[in-house]
Structure formats: structure tokens, C-alpha cells
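The block underneath contains the structure these notes are about, expressed in C-alpha cells.
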Amino acid sequence: MPHALFNEPAETVARTLIGAELEVDGVGGVIVETEAYDISDPASHSFGGPTRRNAAMFGATGCAYVYRIYGLHWCFNVVCDAGQPGSAVLVRALEPRTGLERMHERRGLLPTASLCSGPGKLCEALGIDGSLNGRPLDQAPFALRLHAQPPELVQGVRIGITKGAETPWRFGLKGSRFLSRPFPAMAATA
DNA sequence: GTTCCGATGTACT
DNA sequence: GTACATCGGAACG
């Protein structure tokens with residue numbers, strides 16, 4: 001994986017990752033929804049500077065930042081930088097493509113569209129947990145392949161936050177049925 | 001379709 | 001003590 005790809009602002013990486021294929025131990029699919037966070041952003045974990053939890057956000061570019069949310073779910077981020085430590089992209093949803101049986105074992109016999117349609121669901125389906133925090137995405141168990149052609153994007157405000165709620169740093173694959181939630185009908189094409 | 005709730009780790013007042 | 005980048009299930013319409 002080209003390291004330079006992640007040496008960009010979080011918003012750029014968030015756009016670039018839509019349409020990329022992510023696998024963990026051969027289980028995964030196409031990323032269809034992301035959100036950008038950076039250190040200037042009050043919604044970001046990195047906003048107040050490094051802590052034990054967010055250390056990976058200030059670590060090497062192109063690594064995973066995995067954290068626990070609400071005490072029970074995991075969320076998966078890609079650490080980026082561009083000279084501004086504390087930047088990352090939350091992967092919120094993907095379209096399942098490989099390892100569907102493993103996903104069903106972990107998540108139950110759900111419709112395919114419900115397996116990875118949210119940050120916590122995606123982590124459960126792919127088997128992502130805190131043990132992968134800080135691990136490089138260009139090495140096993142991770143595999144990440146970029147899209148050949150840039151897909152059409154939609155853009156909107158991020159989900160589940162109160163601070164920085166107006167910042168339109170949520171991106172989706174246009175027309176995807178695998179999003180965590182729909183983008184508003186008037187969502188701008190990014 | 002909607003709202004409400006409980007599960008509970010980590011950061012913070 | 002409160003807030004939080006969530007989810008699934010219950011209750012309701």
C-alpha cells in the first residue's frame with residue numbers, strides 16, 4: 001500500500017477510501033462510508049492532544065486506530081497525517097464481498113445489507129478489536145486495495161456527534177445499499 | 001415508520 | 001458523577 005496515500009489530510013483520505021477494498025484475514029468488502037476527523041476538530045478524539053486511548057492517532061500514518069465506544073463496540077479508523085498529527089478516517093460501513101460465512105458466524109444470520117452497515121457492526125463482522133490497534137494496514141491480517149476508478153461520492157454531516165456537527169465530513173458511495181444510514185436526498189455530490 | 005432504553009470502557013468535570 | 005464517532009430490541013402507531 002502506498003504510504004503516500006495516507007500522508008494527506010483526513011478529508012482527502014476519507015474520499016479516497018470510498019470504493020477501496022478492505023479485508024481482515026480474508027473477510028471484508030468495499031468501503032462505502034467514511035468520516036474524517038482531525039486535531040482542529042472538536043468532535044475528534046485527538047482534539048485535546050494525546051491520551052492513552054488515542055495514541056495511535058498520533059502514531060504512524062497508514063496504521064489502524066481502534067477504540068471502544070460506549071463500552072461495548074469497536075470502531076476502526078485509518079490514521080493519516082499530512083504534517084498534522086491526530087488525523088484519522090473512521091470507516092463506517094462496507095459492502096460485504098468476501099468471507100460472508102465468517103461474518104454470519106460472528107454477527108448472526110442477518111441480511112447482507114445489515115452485516116457491516118455501521119462502525120460497530122463492521123468491526124464485529126471483520127473480527128476487528130483492540131488487539132489490532134496501531135497495526136499497519138499494509139500487513140497481515142489487513143489487506144487494503146484501492147479502487148481502479150474513483151467512484152461517485154455523496155457528502156453530508158457526520159453521524160452521532162454533537163460538537164462539530166455542521167462539518168460535512170461524511171462521505172458515501174453514491175447509490176449504495178450498504179450504508180449505515182441514508183444520506184439526505186439533497187446530499188451534495190462530492 | 002418512530003421513540004426509548006440498556007449494555008458499559010474511557011476521558012473528563 | 002456525565003458524556004460519548006453505537007447497537008439491537010421493545011413498545012408504539
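Every chain is numbered from 1 and lettered A, B, ... according to where its sequence line falls, protein lines coming before strand lines. Heavy-atom basis, side chains included; hydrogens, waters and symmetry copies ignored.
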What is the distance from [atom1] of [X] to [atom2] of [N], rounded to the nearest Å?
X	N	atom1	atom2	value
A/Asp129	C/dT6	CG	P	19 Å
A/Tyr67	B/dA11	OH	P	13 Å
A/Leu115	C/dC7	CG	C1'	14 Å
A/Trp169	C/dA5	CH2	P	15 Å
A/Ile69	C/dG8	CD1	C1'	16 Å
A/Phe47	C/dA3	CZ	P	18 Å
A/Met57	C/dA5	CE	P	11 Å
A/Tyr65	B/dA11	OH	P	8 Å

Which part of the nucleic acid, if any, lies within contact of A/Asn77, taking any heavy atom under 4.0 Å across all strands shown: a base, the sugar-phosphate backbone alone, or nothing? base
When we call it a touch if two heavy atoms are under 4.0 Å apart, what does A/Arg181 touch: a base, just sugar-phosphate, or nothing? nothing
Can you see whether A/Phe142 has A/Arg135 sitting over its ring - NZ or CZ less than 6.0 Å from the centre and within 45° of the normal?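 No cation-pi geometry.
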Is it possible for you to check whether A/Arg92 lies under 6.0 Å from the centre of the six-membered ring of A/Phe171, through NZ or CZ, and within 45° of that ring's axis?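 Ring-cation test returns no.
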Taking any strand in view, what nucleotide pairs with C/dA5 in a Watson-Crick or G-U wobble way, both distances under 3.5 Å? none
May I ask which nucleotide in the shown strands pairs with B/dT8, Watson-Crick or G-U wobble, both distances under 3.5 Å?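 Here B/dT8 is not engaged in any pair, so there is no nucleotide opposite it.
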Kindly point out which of [options] is positioned nearest to the side chain of [X]?
X	options	result
A/Ile161	C/dA5, B/dG9, C/dC7	C/dA5
A/Leu90	C/dT6, C/dA5, B/dA11	C/dA5
A/Lys121	C/dA5, C/dG8, C/dC4	C/dG8
A/Leu72	B/dT8, C/dA5, C/dC7	B/dT8
A/Ser44	C/dC7, C/dA5, C/dC4	C/dA5
A/Arg53	B/dA11, C/dA5, C/dG8	B/dA11
A/Arg92	B/dC12, B/dT10, C/dT6	C/dT6
A/Arg68	B/dG9, B/dT10, C/dA5	B/dG9
A/Arg52	C/dT6, C/dA5, B/dA11	B/dA11
A/Pro119	B/dA11, C/dT6, C/dC4	C/dT6

Is the CZ atom of A/Arg106 crowded by more than 12 outside heavy atoms at less than 6.0 Å? yes
Flag if over 12 foreign heavy atoms under 6.0 Å of CD, A/Gln84: yes
Ion pair A/Arg145/A/Glu23, N-O distance below 4.0 Å: yes
Please determine if A/Arg107 and A/Glu124 form a salt bridge, counting it only when a charged side-chain N lies under 4.0 Å from a carboxylate O.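 Judged by the 4.0 Å cut-off on N to carboxylate O distance, A/Arg107 and A/Glu124 do form a salt bridge.
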Is the shortest heavy-atom distance from the side chain of A/Glu8 to the side chain of A/Thr16 under 4.5 Å?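 The answer is no; the side chains never approach within 4.5 Å.
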Compare side-chain N and O positions of A/Ser180 against OP1 and OP2 of C/dT6 and report whether any pair is under 4.0 Å apart. no
Does OP1 or OP2 of B/dA11 have a side-chain N or O of A/His45 closer than 4.0 Å? no
Using atom P of each nucleotide, how far apart are C/dA5 and B/dT2 to the nearest Å?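 So the two P atoms sit 23 Å from each other.
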For nucleotides C/dG13 and B/dC5, find the distance between their P atoms and express it as a whole number of Å.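 My reading of the P atoms in C/dG13 and B/dC5 gives 15 Å.
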Of A/Glu35 and A/Glu124, the one whose closest DNA chain C nucleotide lies more 5':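 The residue mapped nearer the 5' terminus is A/Glu35.
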Would you say A/Tyr70 stacks on B/dA7, if stacking means ring centres under 5.5 Å apart and planes within less than 30 degrees?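 No, A/Tyr70 does not stack on the base of B/dA7.
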